[in-house]
Amino acid sequence: MIRAVVFDVGETLIDDTCEFGAWADWIGVPRHTFSAVLGALTAAGRNNAETFEYFRPGFDLDRERRLREPAGCAERIGERDLYPDVRPALSVLQKRGIWVGIAGNQTARAAELLRALDLPCDAIATSGEWGIAKPDSSFFDRVAEFAPGRRDEILYVGDHRDNDLIPARRAGLRCALIRRGPWGYLWADDVIAAEEADWVVGSLTELVEAIG
């Protein structure tokens, strides 16, 4: 029985295309070049934050994020960034009496932006607010405290094998991989072969049907 479903943010609920494009513009790199390096790092199973190091050695992501705000390039999350199945799927889950949460590796500002969207969910939190980030096991301990039910009644949904599925399973949570965004497509077959996920789905609509 699933009592609660907690969703990752980037490439699970939000299409990161605009944000990656904004970063490419900020560091003065063509968007397709930035995407190519990001893709190569993804395929190698490395941290996507390393992308910046290729263009600017010693790049301080937190500092640059702070500098973007007064320059009028602050982080933005709007309705157009949501995948089209997000509102319908979350709404159906709530109507079924399932607690719906959102918790991902985002800034505290991102949490405010997500709350401003008034999504059909019960609670929103980010690593920036908690002070711990995935794949740290403490993040998933917080998820277990955040959502109601036993750990085996909580489903964590994400697109990243190493940041979402494996640590969620090790923490005793159920887990599902959504096949979208670069990581979701890259690792879908690997996740299926290793039987690391309770479900591998192509959309949130499919997820709702799978756990129905």
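- Judged purely by atom type and a 3.5 angstrom limit, Thr51 has no side-chain atom pairing as donor or acceptor with the backbone of Val37.
- Nearest heavy atom pair, residue Val200 against residue Ala188, reads CG1-CB, 4.4 Å.
- Although no hydrogens or angles enter the test, the distance criterion places no donor-acceptor pair under 3.5 Å between the side chain of Asp15 and the main chain of Tyr83.
- The CG atom of Leu165 lies 11.5 Å from the CZ atom of Arg170; values are rounded to the nearest 0.5 Å.
- Judged purely by atom type and a 3.5 angstrom limit, Arg161 has no side-chain atom pairing as donor or acceptor with the backbone of Ile166.
- Taken from SG in Cys18 to CD in Glu75, the straight-line distance is 12.5 Å, to the nearest 0.5 Å.
- A salt bridge links Arg169 with Asp198: the closest approach of a Lys/Arg side-chain nitrogen to an acidic carboxylate oxygen falls below 4.0 angstrom.
- Considering only heavy atoms from C-beta on, Phe7 comes within 4.5 Å of Leu207 through its side chain.
- Heavy atoms only, all atoms of each residue included: Val86 and Arg180 are closest at CG2-NH2, 4.5 Å.
- Of all heavy-atom pairs between Pro135 and Pro167, the closest is O-CB, 3.6 Å.
- Counting heavy atoms from C-beta outward, Ile14 and Gln106 have side chains that stay 4.5 Å or more apart.
- Of all the heavy atoms in Phe146 and Ala125, the pair that sits closest is CE1-CB, 4.0 Å.
- Note on Glu129 versus Arg115: salt bridge recorded, some NZ/NE/NH1/NH2 to OD/OE distance being below 4.0 Å.
- Note on Arg3 versus Asp152: no salt bridge recorded, every NZ/NE/NH1/NH2 to OD/OE distance being 4.0 Å or above.
- Applying side-chain contact (heavy atoms from CB on, under 4.5 Å) to Asp8 and the options Asn105, Val157, Asn163, Asp159 leaves one that passes, Asp159.
- At least one side-chain heavy atom of Ile154 sits less than 4.5 Å from a side-chain heavy atom of Leu173.
- Stacking of Arg65 on the aromatic ring of Trp26 is not recorded, the 6.0 Å distance cut-off and the 45° axial limit not both being met.
- Residues Trp183 and Glu11 bring no donor and acceptor atom of their side chains to less than 3.5 Å of each other.
- Here CD of Glu19 is found 8.5 Å from CG of Asp81. Values are rounded to the nearest 0.5 Å.
- Annotation: side chain of Leu61 is not in contact with side chain of Glu64 (no heavy-atom distance under 4.5 Å).
- Ion pairing between a basic and an acidic side chain is recognised when a charged N comes within 4.0 Å of a carboxylate O; Glu145 and Arg142 show such pairing.
- Placement of Tyr156 and Trp199 in two distinct hydrophobic clusters is found when ILVMFWY residues are connected by side-chain heavy-atom separations under 4.5 Å, directly or transitively.
- Under 4.0 Å is where a charged nitrogen must lie from a carboxylate oxygen, and between Lys134 and Asp164 at least one such pair does.
- In plain terms, the two heavy atoms of Thr126 and Ala111 that are nearest each other are CG2-CB, 3.5 Å.
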Pair Arg87, Leu13 - check side chain to side chain contact (heavy atoms under 4.5 Å, CB included), show working. CA-CA 9 Å; Arg87 287 190 182 276; Leu13 303 181; over 6 Å; no
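- In this structure, Leu82 and Leu119 have side chains that are in contact, with non-hydrogen atoms separated by less than 4.5 Å.
- The two atoms that bring Phe140 and Ala171 nearest to each other are CB-CB, 3.7 Å, heavy atoms only.
- Each of Val92, Leu93, Asp85, Val5 was checked for a side-chain contact (heavy atoms from CB on, under 4.5 Å) with Leu204, and the lone residue meeting it is Asp85.
- Residues Trp130 and Val143 are in side-chain contact: their nearest non-hydrogen atoms beyond the backbone lie under 4.5 Å apart.
- Under a hydrophobic-cluster definition in which Ile, Leu, Val, Met, Phe, Trp and Tyr are linked whenever side-chain heavy atoms come within less than 4.5 Å, directly or via other members, Val9 and Val6 are assigned to different clusters.
- Checking side-chain atoms of Arg68 against main-chain N and O of Cys73 turns up a donor-acceptor pair under 3.5 Å.
- Between atom CZ of residue Arg80 and atom CD1 of residue Ile77 there is a gap of 12.0 Å, rounded to the nearest 0.5 Å.
- To the nearest 0.5 Å, atoms CD (Gln94) and CH2 (Trp99) are separated by 10.0 Å.
- Atom CD1 of Ile102 sits about 4.0 Å away from atom SG of Cys121, to the nearest 0.5 Å.
- Ring orientation note: the planes of Phe20 and Phe34 are tilted relative to one another, at an angle of 30° to 60°.
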